[in-house]
Amino acid sequence: MQYWLFKSEPDAYGIDRLEREGKTEWSGVRNFQARNNMVAMKAGDLGFFYHSSTKPPGIVGICKVLREAYPDFTQFDPKSDYYDPTSNPERPKWKMVDVGFVEKFPAIITLEELRKRPELEGMTLLSRGRLSVQPVEERYWNAILQTAR
DNA sequence: GCCAACGTTGGC
DNA sequence: GCCAACGTTGGC
């Protein structure tokens, strides 16, 4: 069982929409490290849901991996923003997972709050701000969960 | 809207 | 295989 963190801009796809729909396909990831992280996911793994590019950015809830990595169909769709002409169906370059809603926190845990906590020093979120799908070590997961509810 | 950080591309 | 140029992300 591993823990993860998924970033999304709430305007594009927020926690409220995930709550309403119950689950979604995590398509459109076009970064190799983020893709590799998704490939490493197991069904049942939990992840923080993070709102980026919004005021304030921060962790807003928890989601769960429902289906392990499979080809992201948007890479083959010329009409999609995520179309990738360098990929082909024989050897799909990009993958996605399905994630389900687990819970929404009563309040956002802002990035600013996270940065203030000494026990979170070294967390990927704080040092590698641009990685959109990332692993979360268990000690960080537990520390954050304690203040979440 | 700016810009720092950093990932990717492409020339050599 | 290096690295400069370029593009994108995302906090502020």
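Each chain gets a letter, A, B and so on, in the order the sequences are listed, and its residues count up from 1. Both backbone and side-chain heavy atoms feed into the values below; hydrogens, waters and symmetry mates do not.
Between A:D11 atom CG and C:dG11 atom P there is a gap of 13 Å when expressed in whole angstrom units. Separating the CD atom of A:E9 from the P atom of C:dT9 is a distance of 8 Å, rounded to the nearest angstrom. When rounded to the nearest whole Å, the span between CD of A:E112 and P of C:dG10 equals 19 Å. One atom, CD of A:Q134, and another, C1' of C:dT9, lie 13 Å apart when rounded to the nearest Å. Atom C1' of nucleotide C:dG10 and atom CG of A:L131 are separated by 13 Å, given to the nearest angstrom. Per the geometry, CZ belonging to A:R30 stands 12 Å off P belonging to C:dT9, to the nearest Å. When the P atom of C:dC12 is taken as reference, atom CG of A:L114 falls 11 Å away, rounded to whole Å. Between the P atom of C:dT9 and the CG atom of A:L125 lies a distance of 17 Å, rounded to the nearest Å.
The six-membered or imidazole ring of A:Y70 lies away from that of A:W94, with a centre-to-centre distance of 6.0 Å or more.
Residues A:E121 and A:L126 are not in side-chain contact: their nearest non-hydrogen atoms beyond the backbone lie 4.5 Å or more apart. At a threshold of 4.5 Å between non-hydrogen side-chain atoms, the residues A:K23 and A:V99 do not count as touching.
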Could you walk me through whether A:W4 and A:N37 pass side chain to side chain donor-acceptor pair (under 3.5 Å), step by step? CA-CA 9 Å; A:W4 309 94; A:N37 287 334; over 6 Å; no

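Taking only side-chain nitrogens and oxygens, A:Y50 comes nearer than 4.0 Å to OP1 or OP2 of C:dG11. The shortest distance between the side-chain N/O atoms of A:K7 and the OP1/OP2 oxygens of C:dG10 is below 4.0 Å.
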Between the protein and nucleotides 1-8 of chain C, which nitrogen or oxygen pairs come in under 3.5 angstrom?
residue, atom, partner, partner atom, Å
C:dT8, O2, A:R130, NH1, 3.2
C:dT8, O2, A:R130, NH2, 2.8

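A:T24 and A:R17 form no side-chain donor-acceptor contact under 3.5 Å, judged by distance and modelled atom types alone. A:E9 and A:Y50 share no side-chain donor-acceptor pair at under 3.5 Å.
Within the nucleic acid shown, A:S127 comes within 4.0 Å of sugar-phosphate atoms alone, with no base atom in reach, counting heavy atoms only.
In this structure, A:E21 contributes its side chain and A:L18 its backbone to no donor-acceptor pair below 3.5 Å.
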